[in-house]
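Working notes, structure below.
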Amino acid sequence: MKLREIAAPDFDLAMTLNSGQVFHWEKQGHGFLGAIGETPVYVQQDGRTLNFAGLSAKAIVDYFALDHPLDEICATFPKDAAMNSAREFCRGLRIIRQPTWECLATFICSSMKQVAHIRQISAALRRRFGTAKKIVGCNVFTFPAPARLARTSESDLRACALGYRARNLLMTARQVASDVANLQSWNNLSDSDLRKRLCDLPGVGTKVANCVMLFAYERNSAFPIDVWIERVLREQYFTAESRVTAKTLAEFAATYFGAHGGYAQQYLFHYTRMSGQRMREIS
DNA sequence: CTCCAGGGATGAT
DNA sequence: ATCATCCATGGA
């Protein structure tokens, strides 16, 4: 199959796909194999160009958020030492626009799991309950629709290594499939109302809700605080204080990192994980 | 407020 | 080959 091409300045495909925001893309030759919604896609980066197959250039631009004004966004980040390093390290990292349901479902599976596990769970769910599609001679599995997961069982899902998350995913799939939770209609809600609705779903707490808001609802101010980010916040911004509550950290993050705080969070997260700095507390 | 189940990969001994 | 470590949610 012949690849089509599109300009992609200020973009790092590999870093974007490996930064812990999406978990199903797999390295294939020069590029990556995956699905965008129901469509199988192959994409590879050659310098400032993306070569791809499977869907329209418009859909590629939209999914990889190539329309985000990255320079402007990065310019809003605070100019402290940690952010300066992260900004430099993460050049070309974009927060992509993920389909709502697969983002929500995947992050329900992410709780208490590390990136490697989440990738395995995502692959297992797709292989077992998704639809196989062909692209550039390879099989790609789409993420199963809510209705498909709603008619599985907890033990079916446990077989995909979900553990106790199986029940949460099943219950949420049923709410979404039956329209008790209409994810599409939540687009119109304010940030805080959207967060409340998401947190009502089984297996969704503040952290997962913020991930879904940031990665699927384009709420760039949503600031997920996981253990990595919490470590950074405590060590970079609260060095002197000994007792800092989660609430304090969340309130600080919400104001300090600005209108694109979620983007800043993603840069800090990826930079911290990649630079391998493990700061152990001696207490 | 604190404590802890939960489970599979990954890194250390 | 065992042992410790990583991790978010939800309920006690």
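Chain identifiers are assigned alphabetically (A, B, ...) following the order of the sequence lines, protein sequences preceding nucleic acid strands; residue numbering begins at 1 within each chain.
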If you look at every strand shown and take non-hydrogen atoms under 4.0 Å, does Asn168(A) touch a base, only sugar-phosphate, or nothing?
nothing

Between dG7(B) atom P and Leu169(A) atom CG, what is the distance in whole Å?
16 Å

Taking the six-membered ring for Trp and the full ring for Phe, Tyr or His, determine whether the centres of Tyr63(A) and Phe52(A) are under 6.0 Å apart.
no

Can you measure Arg165(A) atom CZ to dC7(C) atom P for me and round it to whole angstrom units?
13 Å

Applying the Watson-Crick and G-U wobble criteria at under 3.5 Å, what pairs with dG11(C)? Answer none if nothing qualifies.
dC3(B)

Suppose the criterion is ring-ring contact (aromatic ring centres under 6.0 Å, His included): which pairs have a residue in residues 190-222 of chain A, not counting sequence neighbours?
Phe107(A)-Phe215(A)

Any side-chain heavy atom of His270(A) within less than 4.5 Å of one from Phe89(A)?
yes

Taking the side chain as every heavy atom from C-beta outward, state whether Leu17(A) and Val22(A) have any atom pair closer than 4.5 Å.
yes

Would you kindly give the CG-to-C1' distance between Leu104(A) and dT9(C), to the nearest whole Å?
14 Å

Rounded distance (Å) that lies between atom P of dG10(C) and atom OH of Tyr164(A):
10 Å

Quick one: Ile229(A) CD1 to dC6(C) C1', roughly how many Å, whole number?
16 Å

With a 3.5 Å limit on both atom pairs, tell me what dA12(B) is paired to, counting Watson-Crick and G-U wobble, or say none.
dT2(C)

Considering only heavy atoms, which members of residues 203-214 of chain A lie under 4.0 Å from some atom of DNA chain B?
none

Calculate the interatomic distance between Ile121(A) atom CD1 and dG7(B) atom C1'; express it in whole Å.
9 Å

What is the distance, to the nearest angstrom, from the CZ atom on Arg231(A) to the P atom on dC6(C)?
7 Å

Check whether NZ of the Lys or CZ of the Arg Lys27(A) lies under 6.0 Å from the centre of the six-membered ring of Phe32(A) and within 45 degrees of that ring's axis.
yes

Using the closest heavy atom to pick a nucleotide of DNA chain C for each, name whichever of Val227(A) or Cys199(A) lands nearer the 5' end.
Val227(A)

Distance-only side-chain donor-acceptor flag, Thr131(A) / Glu38(A), under 3.5 Å:
no

Compare all side-chain heavy atoms of Leu233(A) with those of Tyr256(A) and state whether any distance is below 4.5 angstrom.
no

Determine the interplanar angle of the Tyr267(A) and Phe77(A) rings, folded into 0 to 90°, and report it as parallel if under 30°, tilted if 30 to 60°, perpendicular if over 60°.
perpendicular

Distance check needed: dC7(C) P versus Phe107(A) CZ, whole Å only.
14 Å

For dC7(C), take OP1 and OP2 only and decide whether either is under 4.0 Å from a side-chain N or O of Trp228(A).
yes

Is any side-chain heavy atom of Cys90(A) closer than 4.5 Å to one of Tyr263(A)?
no

For nucleotides 8-13 of chain B, just jot down a letter per nucleotide in 5' to 3' order: B, S or -, based on protein non-hydrogen atoms under 4.0 Å.
BBS---

